[in-house]
Amino acid sequence: MPTLTLVQAVNDALKTAMRRDPTVIHFGEDVGPKGGVFLASDGLTKEFGKARNFDTPLSEDGIIGTAIGMAMNGLKPVAEIQFQDFIFPAFDQIVSEAAKLRYRSGGQYTAPMVIRTPYGGGIRGGLYHSQSGEAYFCHTPGLKVVVPSTPEDAKGLLLASIEDPDPVLFLEPKALYRQVKGEVPEGFYTTPLSTLRTVRTGKDVTVFCYGAMVPVCSKAAEQAAEKGIDCLIVDLRTLLPLDEEGVLEAARQTGRVVIVHEAPRFCGFGAEISAMIAENIIEYMEAPVARVTGFDTPFPNTLEHHYMPDARRVLDAIEHVAKF
Amino acid sequence: MPTLTLVQAVNDALKTAMRRDPTVIHFGEDVGPKGGVFLASDGLTKEFGKARNFDTPLSEDGIIGTAIGMAMNGLKPVAEIQFQDFIFPAFDQIVSEAAKLRYRSGGQYTAPMVIRTPYGGGIRGGLYHSQSGEAYFCHTPGLKVVVPSTPEDAKGLLLASIEDPDPVLFLEPKALYRQVKGEVPEGFYTTPLSTLRTVRTGKDVTVFCYGAMVPVCSKAAEQAAEKGIDCLIVDLRTLLPLDEEGVLEAARQTGRVVIVHEAPRFCGFGAEISAMIAENIIEYMEAPVARVTGFDTPFPNTLEHHYMPDARRVLDAIEHVAKF
Amino acid sequence: MTIAEPLQVIAQDGSTAGFQVDLSNDALLHCYRTMLLVRAFDDVCLKLQRSGRIGFSIPNKGVEACQVGAASALEKTDWIFPSYRDFGMALYHGVKPVEMMHNMFGNDRDSARGRQMPVHFSFVQPIHFVSISSPIGTHIPQAVGAAYAMKLRGEKQVCLASFGDGGTSSLGFHSGLNFAAVWKAPVVFLCQNNGYAISCPSEEQTASESYAVKAKAYGMPGVIVDGNDLLAMRKVVKEACDRARAGGGPTLVEAKTFRMGGHSTSDDPTRYVPKELVESWAKKDPVARFERFLASRKLWTPEKGALLAEDCTREITAAVGEAEATPAPVLESIFSDVYATLPPHLRRQGQAAFDLAARVGDAAAGGGKFPL
Amino acid sequence: MTIAEPLQVIAQDGSTAGFQVDLSNDALLHCYRTMLLVRAFDDVCLKLQRSGRIGFSIPNKGVEACQVGAASALEKTDWIFPSYRDFGMALYHGVKPVEMMHNMFGNDRDSARGRQMPVHFSFVQPIHFVSISSPIGTHIPQAVGAAYAMKLRGEKQVCLASFGDGGTSSLGFHSGLNFAAVWKAPVVFLCQNNGYAISCPSEEQTASESYAVKAKAYGMPGVIVDGNDLLAMRKVVKEACDRARAGGGPTLVEAKTFRMGGHSTSDDPTRYVPKELVESWAKKDPVARFERFLASRKLWTPEKGALLAEDCTREITAAVGEAEATPAPVLESIFSDVYATLPPHLRRQGQAAFDLAARVGDAAAGGGKFPL
Ligand SMILES: Cc1ncc(C[n+]2csc(CCOP(=O)(O)OP(=O)(O)O)c2C)c(N)n1
Ligand SMILES: Cc1ncc(C[n+]2csc(CCOP(=O)(O)OP(=O)(O)O)c2C)c(N)n1
Ligand SMILES: [Mg+2]
Ligand SMILES: [Mg+2]
């Protein structure tokens with residue numbers, strides 16, 4: 001099996017999908033000759049031609065709006081939004097249109113499509129090249145929201161998203177694009193959506209995380225282990241529809257929970273996990289349900305390493321709930 | 001004191017603000033001669049002229065984008081979005097721009113402005129005239145989010161929002177526009193933002209709600225009282241920044257909590273309340289923290305009375321946590 | 001190729017001055033009957049709304065020729081991306097009034113199962129009449145995407161994207177027309193300029209000399225046509241379709257017409273429309289004009305017209321009977337069609353809703369076990 | 001009034017064929033020095049970026065005349081709504097390079113206190129140079145709103161909204177130009193058409209015959225100007241400002257220029273820009289052209305130019321020294337300026353962050369008590 005970085009795995013997934021299915025097309029800003037600002041679409045135009053991988057004018061509304069129309073009419077569009085921060089001009093198309101099309105037409109029209117976009121901090125991108133907007137989308141019935149954290153999952157989940165009959169927002173942790181490497185099976189395979197990945201088993205504290213926070217939590221768990229605290233780490237992978245049973249099961253196993261994400265805390269995704277626990281299994285909890293998150297501020301630039309949860313902050317929370 | 005409906009109180013607040021401060025201007029789609037589709041701006045053009053109350057072209061991006069520029073340059077814009085469902089074309093201007101302007105300019109530029117918009121169900125508006133999008137905005141640092149539930153608060157909170165130095169999203173429960181009436185003080189007064197309103201005191205169960213759910217919860221509390229359950233009802237009024245201390249205090253008083261909103265449950269505002277409790281005062285909780293919410297589906301039309309929480313569903317949850 | 005004066009084929013007196021009509025008598029009568037059907041639908045719905053039997057409807061008086069003329073230029077394999085005012089296009093292509101009436105009542109046989117407001121139709125047969133969405137302009141780039149798919153597959157189909165004068169200010173107009181022109185996608189953009197966007201008159205909507213001239217911003221042809229002239233509409237839209245099918249890319253058509261009623265049954269246009277304006281347009285009624293044209297070909301007499309109108313009213317009234325007798329959707333309809341398959345959390349929420357409804361004996365919830 | 005051929009004042013040989021220059025020799029030299037300052041800023045920042053001392057910068061080689069010529073047409077009381085490539089406008093109006101360098105290093109004296117990426121400047125003095133935002137086009141309607149405020153107060157000021165060719169596809173372009181024209185707001189829209197939006201060439205950005213022609217869609221004048229010609233830029237922008245001040249409403253100016261470097265220091269333009277294109281534009285360098293013009297007036301010799309360039313480099317280098325020596329922002333800067341006053345939840349989060357940093361002895365967090 002070849003060893004790929006996460007962004008190479010994305011590229012491999014796109015090529016794999018486009019080879020096996022002529023209806024798959026990929027487009028967005030600068031994804032053509034330039035190959036995308038992170039090179040995720042490197043080589044696609046060369047192999048599949050300009051009709052199946054191409055640059056668009058600078059309009060996210062146009063990118064997603066046209067993708068919906070393509071999806072309605074038999075294509076399998078994969079649209080890139082250059083940075084997740086720039087998805088908001090297309091918010092209406094995603095939230096009002098893609099997410100509600102099947103519902104409002106009684107299934108006569110559907111929008112099976114994938115929106116790929118790099119999200120999150122770690123590249124000194126400041127306010128507008130670092131955001132983690134998953135909660136905006138997870139509050140939107142009709143969408144699916146997927147976040148890989150390993151090269152193998154990036155490929156398997158992206159292929160599963162492309163196969164999926166519903167619109168999928170595929171959030172790629174840009175901090176991990178070149179930071180993580182791993183073996184990736186060749187050819188076509190899928191990693192089923194709405195399934196959790198156990199990163200590490202443990203009996204004392206359950207840590208829920210996804211995307212770029214997974215390696216951070218792993219590091220914190222190693223440090224915790226040195227202090228005698230044994231962490232179960234769960235990579236959520238699909239945030240919507242979430243495997244809620246699996247989450248509750250993992251929380252119950254330890255009775256102590258830490259939830260970690262980069263996005264601001266207030267009304268962030270972590271709140272839902274916490275609420276789910278408080279609603280269903282509060283009697284199993286032996287400690288407060290802690291959240292380690294970005295602050296409730298815009299994303300800063302110079303001090304991003306203070307803004308983003310790091311192993312230090314995660315460990316602190318792990319110790320807090322372990323000792324409670 | 002005159003008795004006004006909620007929409008009349010909004011109209012009164014706009015007139016009061018525009019009379020005392022010549023920099024206040026109001027605009028949006030159909031707010032001019034037509035007076036707004038709900039008549040919230042009835043009579044404004046007549047009294048203040050076309051330069052201070054006027055119709056705009058059909059572009060929410062334009063409405064909010066220009067409002068930001070006006071606010072930067074000394075005006076106090078109050079912009080109406082005809083239905084909250086149609087705010088999404090302006091999502092980028094609100095989330096990327098208004099909310100982040102002060103931060104990204106170190107306070108050199110600011111956007112003191114108010115976005116008024118009717119939200120919520122109850123008028124048989126279906127998917128696109130019924131939504132409650134508060135959670136999208138509450139996840140956005142830099143914004144304030146206000147939701148009145150009585151005529152007196154509608155006026156006082158709107159005037160406070162117009163006075164506020166930060167951008168405020170003012171969500172008006174359209175179901176209550178003509179449904180609730182109440183005495184409203186004449187002239188200028190403000191109801192401070194970020195303060196809670198105790199609708200009803202009680203010792204058994206705490207119910208958190210806002211907007212159109214307040215009368216629903218009051219009704220449920222009356223029915224609960226008949227069954228011997230004494231409810232404390234808190235109208236949150238300002239969702240962001242929330243009076244978190246007040247919320248925790250009210251939750252601690254009974255140890256049993258029900259949270260009610262119309263919006264979908266998953267990653268809805270209720271999750272944050274629940275998470276706050278699970279994080280800070282879980283040890284005081286004597287029952288699961290229940291949420292009564294819209295379902296995780298788009299908003300239906302014919303069956304909206306099943307979709308929206310009603311006294312029946314709220315009562316069910318109150319009984320559930322009371323008996324736990 | 002922007003035309004300053006709206007293209008006209010049928011003069012106000014019904015004459016066509018040597019114009020080569022490319023429709024058979026039957027086809028002409030079908031156009032006529034469709035306009036009457038729209039009018040009957042309107043009248044009946046207005047009464048239903050006023051008496052509280054339905055919640056809402058959208059009047060079309062004055063714009064019937066616009067819709068029907070444009071629709072007549074399309075093939076059944078083409079796709080229509082309509083605005084909420086365009087149901088005449090669906091009727092023209094053979095959608096049955098009762099299908100629409102199910103939507104007006106939001107009942108269980110509505111294609112959207114009562115999830116949408118009235119007049120938000122969706123059909124895939126006998127023509128693709130894409131699910132109407134309330135947010136203005138969002139369907140415009142969608143039409144372009146669907147057209148891109150047609151082009152990629154080498155099909156000779158077109159998409160018609162229809163919207164109002166207000167719609168030209170929307171985001172979708174800008175992105176849609178721009179993408180379409182760059183891609184040379186087979187789309188016809190139809191702007192029905194009916195004078196108002198709810199209460200906003202054209203001069204507050206845009207400062208441009210016309211709507212058609214906006215085509216220049218995207219590098220595509222723009223044409224102005226008399227929207228109350230069915231044959232002119234047909235001609236202009238057909239030419240645009242032909243060009244699109246031949247690979248010539250998109251066209252923007254501005255049809256000048258007038259909305260004789262309110263924006264919707266919730267609207268009171270007397271607050272903002274000058275009376276004289278309504279009176280001046282009343283003289284240009286598109287149906288009467290087409291009747292004069294038909295009369296000039298011996299296809300119409302007042303008696304024939306009255307009979308046909310009655311027939312249309314009967315058809316609509318029958319549809320009302322059927323739709324009103326059809327039960328409301330069952331509770332399950334809230335939870336289905338959110339995703340292709342029901343995810344567990346929706347199953348749980350649906351089950352809870354059903355249990356509660358069953359416990360409190362709520363008939364509307366539908367009987368039996370929660371079916372999903 | 002769209003002009004098909006770009007307006008030119010300075011011929012490639014530096015001659016101006018009887019054109020009435022409305023700037024003093026000192027003012028001409030100020031324009032020249034500002035262009036050199038932009039070039040020096042560019043060069044220094046590129047080196048800083050390549051050696052890892054700053055993270056990012058935006059090259060301006062080729063577009064200096066565009067920025068400086070436009071800026072020279074403005075009064076200090078006017079407002080600039082710039083794109084990230086427009087810092088020459090700020091330099092022209094007297095913003096000190098060190099103010100900018102603080103931003104490039106994201107230090108505590110940066111007006112945005114290190115919250116923004118490099119080149120995202122914000123100034124209120126000596127001219128309003130509005131905080132640059134990354135999302136393309138959002139500032140366009142904002143400029144219109146600020147201009148509406150000017151108009152309402154009866155001030156004779158204008159807003160200049162500057163953006164790229166790619167920016168014309170954005171939502172803000174469409175809503176901004178439309179609102180401005182309907183309101184007759186005093187705005188000048190400057191589209192710097194530098195050939196590319198990152199890697200996207202103009203022919204994939206739009207099918208229109210020019211960017212200036214898009215003005216027609218909004219009913220405002222559109223003008224094309226040679227963006228490498230400082231005096232032509234000044235003339236066209238000044239005329240647009242004059243019209244705006246006189247109540248004549250907005251103008252769209254398209255400046256034809258070329259981005260000689262990459263989009264940013266992260267970009268490799270050889271992947272998509274044909275070499276011949278770069279070579280052809282190299283011959284039209286705006287600085288060299290202005291030098292020939294100055295020489296024709298005896299204001300320039302190669303020696304004088306070299307001295308001035310050195311002087312500029314010295315000024316920039318000094319700014320680097322000062323900025324690099326300035327400490328990073330303290331932890332408090334993450335939490336302040338979210339709201340006018342710090343809400344309790346941010347106070348708690350800030351305190352927790354500060355406590356943790358103090359506990360683990362993190363120097364970057366700044367010493368002492370959490371100050372808010
Ligand atoms: C994005 C959005 N904003 C506002 C509305 C509310 N609204 C519904 S119809 C309408 C006017 C549309 O006017 P026009 O495009 O001219 O179409 P017409 O009704 O005249 O056919 C408005 C403002 C909406 N549906 N969507
Ligand atoms: C809404 C949005 N989408 C995408 C981007 C990423 N992006 C940054 S600059 C740029 C190209 C801008 O091109 P142009 O407007 O021509 O300006 P230039 O850089 O050429 O001066 C893109 C796509 C962005 N900043 N904002
Ligand atoms: Mg209209
Ligand atoms: Mg450019």
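All chains are named by letter (A, B, ...) in the order of the sequence lines, taking the proteins before the strands, and each is independently numbered beginning at 1.
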Next item on the list: Please report the C-alpha distance between B:Val289 and A:Glu279 in whole Å, then the side-chain angles of each, then the deciding distance to 0.1 Å, and finally whether the side chain to side chain contact (heavy atoms under 4.5 Å, CB included) criterion is met.
Entry: CA-CA 5 Å; B:Val289 180; A:Glu279 200 149 357; 5.9 Å; no
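Between A:Phe91 and B:Phe91, the ring planes lie parallel to each other; the angle is under 30°, not in the 30° to 60° tilted range.
From B:Phe88, atom CZ reaches atom CZ of A:Phe88 across 12.5 Å, with rounding to the nearest 0.5 Å. Atom CG of B:Leu240 is separated from atom SG of A:Cys267 by 8.0 Å, given to the nearest 0.5 angstrom. With rounding to the nearest 0.5 Å, the separation of CG in A:Asp92 from CG in B:Asp92 is 12.0 Å. The CG atom of B:Asp296 lies 8.5 Å from the NE2 atom of A:His139; values are rounded to the nearest 0.5 Å. Rounded to the nearest 0.5 angstrom, B:Phe266 CZ and A:Met276 CE are separated by 4.5 Å.
For the pair B:Glu283/A:Met285, no side-chain contact is recorded, criterion being any heavy-atom separation below 4.5 Å from C-beta on.
In terms of modelled atom types and a separation under 3.5 Å, the side chain of A:Tyr136 and the main chain of B:Phe137 share no donor-acceptor contact.
Looking at every heavy atom in both residues, A:Lys100 comes nearest to B:Pro298 through CG-CG, 4.1 Å. Scanning all heavy atoms of the two residues, the minimum distance from A:Ala271 to B:Glu272 falls at CB-OE1, 3.7 Å. The heavy-atom pair separating B:Ala287 from A:Ile282 by the smallest distance is O-CD1, 3.9 Å.
Of the atoms belonging to B:Glu286, not a single heavy atom falls under 4.5 Å from chain A. Of the atoms belonging to B:Gln93, not a single heavy atom falls under 4.5 Å from chain A. Looking at B:Ala90, there are no atoms closer than 4.5 Å to chain A (heavy atoms on both sides), in backbone or side chain. Contacts of B:Phe86 with chain A are absent, with no heavy-atom separation under 4.5 Å from either backbone or side chain. Looking at B:Gln131, the atoms closer than 4.5 Å to chain A (heavy atoms on both sides) all sit in the side chain, from C-beta outward. Looking at B:Tyr103, only its side chain comes within 4.5 Å of chain A, counting heavy atoms on both sides. Of the two parts of B:Leu239, only the backbone, made up of N, CA, C and O, holds a non-hydrogen atom closer than 4.5 Å to a non-hydrogen atom of chain A.
Put simply, of A:Gly142, A:Ala275, A:Pro300, the one with the most heavy-atom pairs under 4.5 Å next to chain B is A:Ala275. By number of non-hydrogen pairs under 4.5 angstrom with chain A, the leading residue of B:Pro241, B:Gly268, B:Ala290 is B:Gly268. Per-residue heavy-atom pair counts under 4.5 Å with chain B were compared for A:Gly126, A:Ala99, A:Ser274, A:Cys138, and the maximum is reached by A:Cys138.
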